[in-house]
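First the proteins, then the strands, lettered A, B, ... as listed; each starts at 1. Here the structure is a predicted model, which means the values were calculated and not measured.
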Amino acid sequence: MLYIRCPYCEEYRPEIEFRHAGEAHIVRPTNMAEISADEMEEFLFIRENKRGIIFERWRHIHGCGRFFNCVRDAVTDQIIMTYKSGEPKPSDAEIEKAILALKEEQA
Amino acid sequence: MANPTQATRKLPLDGRLAGGAGVSITPAASMSRVSLRVKDKDVKAVGKALCVALPIKPKTSNMSGDQAGASRSALWIGPDEWLILDGETADISAALAKSKAVMSVVDISHRNTAILLEGKNAVDVLRAGCPQNLNDDVFPVGACSRTILGKAEVVIWRTGAVSYHVECWRSFSGYVFKFMSQAAKGL
Ligand SMILES: [Zn+2]
C-alpha cells in the first residue's frame with residue numbers, strides 16, 4: 001500500500017482514501033473549436049506513460065476531496081513528492097533533492 | 001392509507017443498540033447538518049454569521065458551546081469545505097443567510113445519520129476498519145476527518161477522551177452499524 005502525503009491535509013494518509021486521476025500538467029487548449037482532430041486526440045488520449053519519473057494527479061476522494069499532483073517513480077512505485085494543483089511542475093533539481101531526502105530517511 | 005400530515009420521521013438506526021467490552025454503540029439523535037463551501041476571503045465573516053468560527057487547520061473543529069451535539073459545531077472537511085452540526089430544531093441556513101458572502105449551503109440533515117461510540121475501547125472499534133492513525137498525538141479530542149470505515153465513507157469526530165461521533169450517509173448506515181457491532185464483539 002502507498003502512503004501518500006496530501007498537501008491539503010498536510011499529512012500522510014493511506015492509499016485507500018485516494019483515487020488516481022491520470023497524468024498531470026496536461027494543458028487544455030484554449031482554442032478548442034479551431035484545433036484539428038489529431039490535436040484533439042493528442043489532448044484527450046495521448047499520454048507519456050514513461051518508465052521512470054512521472055507526474056500524475058491524485059484525488060483525496062475519501063478525505064478532503066481535493067485533486068493534487070504527485071511525482072512518482074513508475075519503476076519502484078515510490079512517491080517522491082506531492083504538491084497542490086496549480087503549483088508549477090517541480091524542476092529536475094527539486095526532484096533530485098526530494099529523492100536524496102527519501103534515501104536519507106530510509107537509511 | 002397513512003395520513004402524510006401526521007407522519008413522523010424515523011431515523012434509519014432507530015432502536016438499535018450494540019456494544020462490547022468497554023464500548024457502547026448508539027445511534028445519535030436527529031440533528032441539523034449543513035455541508036458548507038466558502039472561499040478563503042469569506043471564512044471569517046461566515047464564521048461570525050454562524051456564531052462559530054470556521055476552523056482553517058486541517059482535521060480540527062470548533063464548537064459554540066462546550067458540549068458536542070448540544071451546541072453548534074464546525075468541522076474542517078477540506079480546504080474550503082465544512083460540516084456544520086447543530087441540534088434538531090436549529091436553523092443553520094437562516095444563520096448563514098445573515099452573511100452576504102457567496103457560498104454553497106446544502107442541507108444534509110437527513111442524508112447523514114450519526115453513531116456515537118463511548119467507552120475506553122471505543123477507538124478500537126474504529127481501528128477495526130479505519131486506515132487512519134487515531135493515536136492521541138495525531139487525533140486528539142476535537143479532531144475530525146473524513147475517511148473510510150470498512151467499505152464506507154465516514155466522518156470521525158473525537159468529542160471526548162473516550163467518545164467519538166461518527167457521521168455516515170443514511171443509506172449505508174446499517175452497514176456501518178453492523179461493522180461496528182462486529183468489531184465490538186471482538187474486543
Ligand atoms: Zn486531503
Side-chain angles (χ1 to χ4, degrees), chain A residues 1-28 55-73 76-90 94 98 101-102 104-107, chain B residues 35-40 43 54-61 74-83 104 106 108 111-112 126-140 142-158 166-169 172 175-176 179:
Chain A
M1 189 182 70
L2 296 171
Y3 210 34
I4 304 170
R5 185 181 190 279
C6 172
Y8 295 97
C9 293
E10 296 165 5
E11 68 173 4
Y12 282 89
R13 295 285 184 87
E15 181 186 352
I16 194 171
E17 287 187 2
F18 297 84
R19 196 165 292 169
H20 183 260
E23 196 175 305
H25 300 292
I26 290 170
V27 181
R28 187 183 172 86
F55 298 86
E56 53 192 8
R57 291 196 314 154
W58 282 79
R59 186 178 179 200
H60 195 188
I61 186 157
H62 298 300
C64 65
R66 281 294 175 113
F67 283 90
F68 59 90
N69 294 331
C70 166
V71 183
R72 190 165 62 92
D73 188 326
T76 62
D77 242 10
Q78 186 170 38
I79 288 179
I80 294 153
M81 61 196 292
T82 56
Y83 49 102
K84 292 180 180 175
S85 33
E87 285 178 2
K89 200 169 177 171
E94 281 171 306
L102 276 177
E104 260 165 44
E105 217 171 275
Q106 282 163 348
Chain B
S35 168
L36 177 67
R37 310 284 303 253
V38 183
K39 286 203 170 125
D40 280 354
V43 164
L54 297 175
I56 44 172
K57 199 171 165 261
K59 254 174 39 173
T60 58
S61 65
L75 280 61
W76 187 96
I77 299 292
D80 63 353
E81 183 180 354
W82 291 266
L83 175 63
S104 152
V106 181
I108 53 165
R111 181 197 76 180
N112 282 20
L126 296 172
R127 280 180 181 142
C130 172
Q132 254 184 48
N133 185 351
L134 298 172
N135 289 349
D136 287 344
D137 54 336
V138 290
F139 209 84
C144 60
S145 85
R146 185 155 61 190
T147 180
I148 299 254
L149 186 80
K151 290 181 181 180
E153 186 177 286
V154 295
V155 173
I156 298 175
W157 178 30
R158 188 169 181 186
V166 181
E167 289 272 322
C168 67
W169 289 27
F172 48 78
Y175 165 83
V176 174
F179 188 97

Could you list each donor and acceptor atom pair linking chain B to chain A at less than 3.5 Å?
residue	atom	partner	partner atom	Å
B:Lys59	NZ	A:Glu11	OE1	3.1
B:Lys59	NZ	A:Glu11	OE2	2.9
B:Asp80	OD2	A:Arg66	NH2	3.2
B:Gln132	NE2	A:Glu17	OE2	2.9
B:Arg146	NE	A:Gly63	O	2.7
B:Arg146	NH2	A:Gly63	O	3.0
B:Thr147	N	A:His62	O	3.4
B:Thr147	OG1	A:Glu17	OE2	2.6
B:Glu153	OE1	A:His62	ND1	2.6

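- Applying the 6.0 Å contact sphere to CD1 of B:Ile56 captures no more than 12 heavy atoms from other residues, nucleotides or ligands.
- Shortest non-hydrogen contact noted between A:Ile16 and B:Ile148 is O-CD1, 4.2 Å.
- Considering only residues two or more places apart in sequence or on other chains, A:Ala101 meets the side chain to side chain contact (heavy atoms under 4.5 Å, CB included) condition with none of them.
- Nearest heavy atom pair, residue B:Gly78 against residue A:Cys64, reads CA-CB, 3.7 Å.
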